[in-house]
Amino acid sequence: MEPTQPISLDKAFASFDACWSPRIVAAVNDYDVRIAKFEGEHVWHVHEDTDEFFLVLDGEVHLGLREPAGARTVVLTKGSVFTVPRGTEHRPSAPRRAEVLLFEPTGTLSVGDRHEEVPDHVDATTGHALA
């Protein structure tokens with residue numbers, strides 16, 4: 001993917017409605033730049049070999065983390081960034097619709113390498129092309 005024109009994130013977000021179904025808006029080296037809409041709960045999952053970067057563009061995101069020191073929740077508001085370290089079990093959720101930008105290595109599955117049962121409202125994908 002090599003866009004020849006700038007991409008408007010507002011237009012990109014307006015092009016889809018599905019939550020938990022990321023769209024790939026750009027690539028940087030071997031990483032996808034993905035956008036996604038969050039609402040409700042995702043699944044507990046782990047990316048064994050990669051960190052996961054979150055930038056909240058709109059709304060509020062709660063990241064449940066299960067770390068060696070215990071469980072905690074990190075709350076991200078508009079403009080906040082957070083990186084979930086590789087191997088950390090986590091579950092994103094959003095009390096209301098949120099818009100998020102993520103950096104992940106190309107081919108990374110949205111439900112990680114290990115996860116609980118994936119409900120119908122969560123898209124297990126490596127990202128969809130932007131329409």
Colleague: Cluster question for you: counting only ILVMFWY and a side-chain heavy-atom cut-off of under 4.5 Å, with indirect links fine, are Phe53 and Val75 together?
Modeller: no

Colleague: ring-ring contact (aromatic ring centres under 6.0 Å, His included) with Phe16: which residues, sequence neighbours excluded?
Modeller: none

Colleague: Applying salt bridge (charged side-chain N to carboxylate O under 4.0 Å, His left out), which residue pairs with at least one partner in residues 111-129 are found, sequence neighbours left out?
Modeller: Glu48-Arg114

Colleague: State which residues pass salt bridge (charged side-chain N to carboxylate O under 4.0 Å, His left out) with Arg96; sequence neighbours excluded, sorted by chain then number.
Modeller: none

Colleague: For His45, which residues count as a ring-ring contact (aromatic ring centres under 6.0 Å, His included) partner, sequence neighbours excluded?
Modeller: His42, His47, His90

Colleague: For Ser93, give me all partners under side chain to side chain donor-acceptor pair (under 3.5 Å), at least two apart in sequence or on another chain.
Modeller: none

Colleague: Below 3.5 Å, can you tabulate the donor-acceptor pairs from side chains in residues 24-33 to any protein atom, sequence neighbours excluded?
Modeller:
from	atom 1	to	atom 2	distance (Å)
Asp32	OD1	Thr106	OG1	3.0
Asp32	OD2	Arg34	NH2	3.3

Colleague: Tell me which pairs pass salt bridge (charged side-chain N to carboxylate O under 4.0 Å, His left out) where either residue lies in residues 19-28, with sequence neighbours left out.
Modeller: none

Colleague: Would a 4.5 Å heavy-atom cut-off, applied to side chains only, mark Pro92 and His62 as touching?
Modeller: no

Colleague: Nearest 0.5 Å please: distance from the OG atom of Ser21 over to the CD1 atom of Ile35.
Modeller: 10.5 Å

Colleague: Could you pull out all residues at least two apart from Arg97 that satisfy side chain to side chain contact (heavy atoms under 4.5 Å, CB included)?
Modeller: Cys19, Lys37, Glu39

Colleague: In Å, rounded to the nearest 0.5 Å, how long is the span from CG of Leu101 to CZ of Phe13?
Modeller: 7.0 Å

Colleague: Using a side-chain heavy atom cutoff under 4.5 Å and only I, L, V, M, F, W and Y, what cluster partners does Leu63 have?
Modeller: Trp20, Phe38, Val43, Phe54, Val56, Val61, Leu65, Val74, Leu76, Phe82, Val84, Val100, Leu102, Leu109, Val111, Val118, Val122

Colleague: Are Thr126 and Ser110 side-chain neighbours, meaning at least one heavy-atom pair lies under 4.5 Å?
Modeller: no

Colleague: Distance-only, no hydrogens or angles: does the Ser80 side chain make a donor-acceptor pair with backbone N or O of Thr77 under 3.5 Å?
Modeller: yes

Colleague: Can you list the residues that meet the side chain to side chain contact (heavy atoms under 4.5 Å, CB included) rule with Asp58, with sequence neighbours excluded?
Modeller: Lys78, Glu99

Colleague: Write out all pairs satisfying salt bridge (charged side-chain N to carboxylate O under 4.0 Å, His left out) with one or both partners inside residues 6-22, taking only residues at least two apart or from two chains.
Modeller: none

Colleague: Would the distance check show the side chain of Thr83 and the main-chain N or O of Pro85 forming a donor-acceptor pair, the cut-off being under 3.5 Å?
Modeller: no

Colleague: Restricting to side chain to side chain contact (heavy atoms under 4.5 Å, CB included), what partner residues turn up for Glu89, sequence neighbours left out?
Modeller: Trp44, Val46, Arg66

Colleague: Salt bridge or not between Asp51 and Arg86? Use side-chain N to carboxylate O under 4.0 Å.
Modeller: yes

